[in-house]
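Convention: sequence-line order gives letters A, B, ...; per-chain numbering from 1.
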There are 2 protein chains.
Amino acid sequence: MSLPIPGEQVRGSKTGKPIMALLDLLGRTWALGIVWQLSQGSATFRQLQQRCEQISPSLLNTRLKELKVLQLVESTPNGYQLTLTGQGLFSVISPLGEWSLQWASQIKKDDV
Amino acid sequence: MSLPIPGEQVRGSKTGKPIMALLDLLGRTWALGIVWQLSQGSATFRQLQQRCEQISPSLLNTRLKELKVLQLVESTPNGYQLTLTGQGLFSVISPLGEWSLQWASQIKKDDV
DNA sequence: AATATCGCTACTAATATTGTAGCATTGTTA
DNA sequence: TAACAATGCTACAATATTAGTAGCGATATT
């Protein structure tokens with residue numbers, strides 16, 4: 001899959017609007033999950049594999065490459081970590097954690 | 001694909017944590033995009049297809065079903081629209097719009 | 001030197017998405 | 001009221017993505 005570079009065409013949009021590039025990126029399997037997991041501290045390749053329970057090494061590596069090119073993740077001698085930009089992204093999406101709890105309890109209520 | 005129901009196992013996680021269900025859901029092609037587009041007003045099936053430039057009707061329908069079961073989208077005589085819950089989700093992710101602009105300009109800078 | 005761990009690649013099978021055609025239903029027009 | 005158009009959606013084959021597993025080369029440890 002080609003990289004969703006803001007300013008260029010991306011999967012599902014020809015406008016090049018940054019938000020479309022971002023939605024394309026975050027809409028890829030495990031992309032959000034990797035950012036989420038790395039927000040809890042840097043990790044080596046195999047550590048990250050464990051945090052992302054079911055991810056295959058090939059996909060993990062593919063995603064990491066994408067996230068590196070897009071400057072959300074960087075690799076250091078100590079493993080992978082979020083860049084400053086990546087941390088910025090996380091701070092934007094982190095409210096999802098709390099929101100998901102409300103959402104979950106609401107869906108349960110409606111089951112009854 | 002099975003539905004990522006909070007409280008149950010989802011793709012990539014056995015813990016059933018709501019955040020994992022949410023990340024699974026949002027990590028599916030066009031899921032975020034549909035929520036984003038519907039935030040700009042309700043739309044009929046074909047209108048939504050046009051807003052989501054490249055989406056195929058089969059996938060659009062699949063995603064809409066998922067989003068309906070998970071109570072983020074509802075269909076009315078006037079077309080599809082976000083539920084109150086869906087609007088809540090959008091208000092959580094809407095800062096991504098502005099953030100993506102900063103991100104884009106930063107990536108461009110580094111190209112130079 | 002043998003063993004272990006690591007980052008990662010290679011490859012195939014399974015699954016998801018696209019793309020296109022078109023059906024059934026509901027208006028709309030003549 | 002018969003022809004026509006538009007809509008929501010399904011069917012299905014082609015293509016692309018992801019999962020799963022094995023294992024290589026490099027570095028570290030015993």
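Distance from the side chain of B:Ser58 is smallest for C:dT18 among the nucleotides C:dT18, D:dA19, C:dT17. Of the candidates D:dT18, C:dA21, D:dA22, D:dT18 carries the atom nearest the A:Leu59 side chain, counting heavy atoms from C-beta on. In the set C:dG7, C:dT17, D:dT18, the nucleotide with an atom closest to the side chain of A:Tyr80 is C:dG7.
Listed by residue number, the members of residues 39-50 of chain B with any heavy atom below 4.0 angstrom from DNA chain C form an empty set. For the contact set between residues 13-36 of chain A and DNA chain D, defined by any heavy atom under 4.0 Å, the members are A:Thr29.
If you take CD1 of A:Ile55 and P of D:dA19, they are 7 Å apart, rounded to a whole angstrom. Between the CG atom of B:Leu60 and the P atom of C:dG19 there is a distance of 14 Å, rounded to whole Å. One interatomic measurement links the two molecules: CZ of B:Arg63 to C1' of C:dT17, which rounds to 9 Å at whole-angstrom precision. Whole-Å rounding puts the B:Glu53 CD to C:dG19 P distance at 12 Å. Between B:Leu64 atom CG and D:dG8 atom P there is a gap of 11 Å when expressed in whole angstrom units.
Environment of NZ in B:Lys68: crowded, with over 12 heavy atoms of neighbouring residues, nucleotides or ligands closer than 6.0 Å. No more than 12 heavy atoms of other residues, nucleotides or ligands lie within 6.0 Å of CD in B:Glu98, so this atom counts as exposed by the packing criterion.
In this model, the phosphate group of D:dA19 is not approached by any side-chain N or O of B:Arg11 to a distance below 4.0 Å at OP1 or OP2.
Contact record, B:Leu48 with B:Ala43: N-CB, 4.0 Å, taken as the closest heavy-atom pair. Nearest heavy atom pair, residue A:Met20 against residue A:Ser13, reads CG-OG, 3.5 Å.
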- [ ] Kindly indicate, with the supporting measurements, whether the criterion side chain to side chain contact (heavy atoms under 4.5 Å, CB included) is fulfilled by B:Trp99 and A:Ile19.
- [x] CA-CA 8 Å; B:Trp99 185 87; A:Ile19 183 62; over 6 Å; no
TODO: Take A:Thr15 and B:Glu53 through the side chain to side chain contact (heavy atoms under 4.5 Å, CB included) test and state the conclusion after the steps.
DONE: CA-CA 10 Å; A:Thr15 61; B:Glu53 305 168 45; 3.9 Å; yes
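Using modelled atom types, one finds a donor on one side chain and an acceptor on the other under 3.5 Å when comparing B:Thr85 with A:Gln106.
Each of A:Leu72, A:Leu89, A:Ile5, A:Leu32 was scored for a side chain to side chain contact (heavy atoms under 4.5 Å, CB included) with A:Leu25, with one residue passing: A:Leu72.
Partners of A:Arg28 under the salt bridge (charged side-chain N to carboxylate O under 4.0 Å, His left out) rule, at least two apart in sequence or in another chain, are A:Asp24, A:Glu66.
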